[in-house]
Amino acid sequence: MFRRAFSIVTLIVFGSIMVQAQTFYRADGGTFKGFGGAIAMANGEIYVGSAPISWPGGADPAGEVYRFARNENGDWVEVGRIRAADGERGDNFGRSILIQDGMMLVGAPGENAVYAFEWKNGEWADAGMFGPAEELAKGFEFAGADARGGFRSQNMAKVGDHVLVSSYNTDTKEGAVHRIHHMGTAWHSMGTLVDVPIWSMASAGNFLFLGSPDANEGMGGVMIYELIAGRDWTSVAEFSGDQLGAKAALGRSVAANESQVFVGATGYEQSGAVVVFERDANGQWGFKATLQQAEPAEGERRSASFGQGLALSGSDLLVGASSKAFVFNTNDLAAGYKAIETEDVEARRGFGVGLAIEGDVLAIGSPNAYYESGMATAYVRSEDGFWDATGSLMGDVSYFEPIASEEPIKCEDGEAALFPCDNVDLISFVSTGALVNDRGATLNDIWGWEDPETGKEYILAGRTDGLSFIDISAPNHPLVVGQIMRTEGSPGSWWRDVKVYRNHAYIVADAAQEHGMQIFDLTHLRFADPTKMPINFEPDAVYRGLASAHNIIINEDSGYIYAVGVRAGGESCGGQLHMMSLKDPLNPEFVGCYSNPDTGGTHDAQCVTYHGGDSDHSGQEVCLMSNGSAFVIADVSDKANPATIAVAKYPNTAYTHQGWLSEDHNYFYMNDELDEMNKIVDRTRTLVWDVRDLDDPVLINEFYHSNGASDHNLYVKGNFIYQSNYQSGLRILDITDPENPVEAGHFDTAPYADNVNGFAGSWSNYPYFKSGIIAVSSQGEGIFLVRKREVDL
């Protein structure tokens, strides 16, 4: 079913105002993401789409197309927005944009629809909308990629009164080109032109050009069609990428005029190329040239993915690559190019994906900037022929409004406030926007601390840009005390982990360059001045025996700390256990490595002084590790001679992610993060291991949940497992019968996300506060304080 309502939002801006991002709160909030993934230009104005470029976040409002123009001072200002009046979350309106012949077409792949607008009296007016002739099978996207389909935004072309739109299935690499005929005010779906997976399309005159990088076993290809007499399509040429070598991916992008077609081949010779085909005097199309980057200087290398995007204006061909763009003269292909780079670190993230050029103005999108909230940069050609940056364009970032209430918001009729639930009440909610420092930043891991002197409970909330401290001693009104930002010089990281030992927090981040392990004395929080909150704290020390690490594990009984997934700097220990003594909490001492050479890096672990049913290992310090490909158990009692106890495999392994022991140490409950994602299983799966014989752990049950959300971190307290299952939020399992879990309650922290596989929603939780408060982190939403009801199952 297709919606037919539209709205044009016009913004009149006076004076010299540079375009800046706005951050605001709304009752149904959430962050816009992917700004700059699709860009178009018309009449000197820049149009930028704002729609997710990766997995749907569960908090992404209906998409928009932002409209920018230069004012009398030469500054770029926002002058309007275009959206569907009844737009829905997840519609991904703006994922692709085509402006041609006085018409704007906007793809909304989340709705499998294209919206049309006509230019009338200086504004864009509703001109209808359309979809495919028949409902697409599950997994197919129409007019753009709404999830992990990548930067596929060249999905529409217009030839006369005909509009061509591609559909594509990322999993099966199947697709088609759909024909739409525009007559008067009506749009008629005419079936498919060709059933081929198309990544890119463009038109010139009566010619249609289709790029298919998946064709020919990844070598790719391009097809050329011509519209005859305004109604009949005929194939006039096809070119294969088989002469370019394996994985050349010819057809990744395409741009054309009536005598030339330029086709991106991002896999050619690793860095990529643009292949030029030309039409001769006899109307025959043939190979003309291959465009590449010049040989790099010594110690440098070419940008990757050259040809990932193309745009054409007159004799200017704009070529996108990883972190760079290039402008060629199509009248003199041998003349070289003008390279466009940016010194803005954020602008480099995805720079060269969204592209548009018109005359002496061009725009380049950076949809990965600011944690995928995105940005775009406008350039104007100078008199000497070079391109000068003249403005940074950004969209809005919005967050949910915080929730504080004197009384708990009870879970009634399956909902607490707007959050689906069962047997779990909402106490309060701290919005992500109240915690983060950087534009677009989100939350990740979480831990807790109780001040032994005051009894106050605190949440330690990891963020992509730092760590927040939240006082929950009055849980109905949590107080943000302050933050520690990431180590200076370290970029933000999607993965930040924190654990606590003897009133000290230990903080690591992955893919974070020289971040190191920050150490912070949590007793500083006792003396925080409320009039200065939130306070910017500094770490008391930084351990430099490692640079970036994925996770940190502490055995509070033994006083040892273990970094895992060390990827850069210091001793990596093969990505497994980097072992340190915390005899002096502010000065960790490296004491050795443990690594099993056959199982890859360790993603997460639990290290304990074992007291389970296996008397042979009673009292030993044991680490139970999730190593991606296997479940590994090691004895690390002797740090100079750690030893493998067991390596266990299980059916349908995708990525052994994390797990936790029952309190009696007899059972280990594990999650596999990618089995749902890779469609190995159709519902969330929790693995139950019997570890009463550590030398021979036995998988005794696979518990399947009621939906297919991807599972993430889980913890055990008493007879309950507390699982953060991404888009389905917190799931609580009763393990009174340890081998046969039963669902006892849930709280969905991502109310607008379907409970399906994906990486949005709840990252982690902390159920160990003496108060009984359960703290749950949800990436784009915030920190939830909830309480489980005591119910009989």
Distance only, no hydrogens: is a donor on one side chain within 3.5 Å (strictly under) of an acceptor on the other, for Arg252 and Ser200?
no
Gap between atom CE of Met375 and atom CZ of Phe351 - 0.5 Å precision:
9.0 Å
Under 3.5 Å: donor-acceptor pair, side chain of Arg67, backbone of Val79:
no
Using the six-membered ring wherever Trp is involved, compare the ring planes of Phe419 and Phe400 and label them parallel, tilted or perpendicular (cut-offs 30° and 60°).
tilted
Check this for me, if you would: do Asp75 and Arg70 make a salt bridge, where the nitrogen-to-carboxylate-oxygen distance has to be below 4.0 angstrom?
no
Run the ring pair (Phe, Tyr, Trp, His ring centres under 6.0 Å) check on Tyr47 and Tyr66 step by step: do they pass?
CA-CA 6 Å; Tyr47 295 81; Tyr66 289 68; over 10 Å; no
Short side-chain donor-acceptor distance under 3.5 Å, Thr749 and Ser778:
yes
Is the Phe68 ring parallel, tilted or perpendicular to the Phe35 ring (thresholds 30°, 60°)?
perpendicular
Students often mix this up, so state it plainly: with edges at 30° and 60°, are the rings of His712 and Trp763 parallel, tilted or perpendicular?
perpendicular
Say whether, by atom type as modelled, one donor and one acceptor occur between the side chain of Asp344 and the main chain of Thr342 under 3.5 angstrom.
no
Could you tell me whether a side-chain N or O of Gln727 sits under 3.5 Å from a main-chain N or O of Asp754, the two making a donor and an acceptor?
yes
Can you tell which of Asp465, Asp438, Thr442 makes a side-chain hydrogen bond (donor to acceptor under 3.5 Å, both in side chains) with Tyr371?
Asp438
Exercise: do Arg348 and Ser366 side chains pair donor with acceptor under 3.5 Å:
no
Salt bridge check: are Lys33 and Glu372 linked by an N-O gap of less than 4.0 Å?
no
Hey, is Glu111 close enough to Arg95 for a salt bridge, meaning N to O under 4.0 Å?
no
Please determine whether side-chain contact (heavy atoms from CB on, under 4.5 Å) holds for the pair Asp171 and Phe140, giving the CA-CA distance in whole Å, both sets of side-chain angles, and the decisive distance to 0.1 Å.
CA-CA 9 Å; Asp171 293 321; Phe140 280 85; over 6 Å; no
Does the side chain of Gln483 pick up a donor-acceptor pair with the side chain of Asn536 at under 3.5 Å?
yes
Are the side chain of Arg381 and the backbone N or O of Gly359 linked by a donor-acceptor pair below 3.5 Å?
yes
Compute whether any side-chain donor of one residue and acceptor of the other, for Asn755 and Ser728, lie under 3.5 angstrom apart.
no
Without hydrogens or angle criteria, can the side chains of Ser764 and Asp445 be said to hold a donor-acceptor pair below 3.5 Å?
yes
Under-4.0 Å salt bridge between Arg83 and Asp91
no
Please report the C-alpha distance between Tyr726 and Asn757 in whole Å, then the side-chain angles of each, then the deciding distance to 0.1 Å, and finally whether the side-chain contact (heavy atoms from CB on, under 4.5 Å) criterion is met.
CA-CA 8 Å; Tyr726 280 131; Asn757 57 73; over 6 Å; no
Residue from Trp387, Phe262, Tyr337 passing ring-ring contact (aromatic ring centres under 6.0 Å, His included) with Phe326
Tyr337
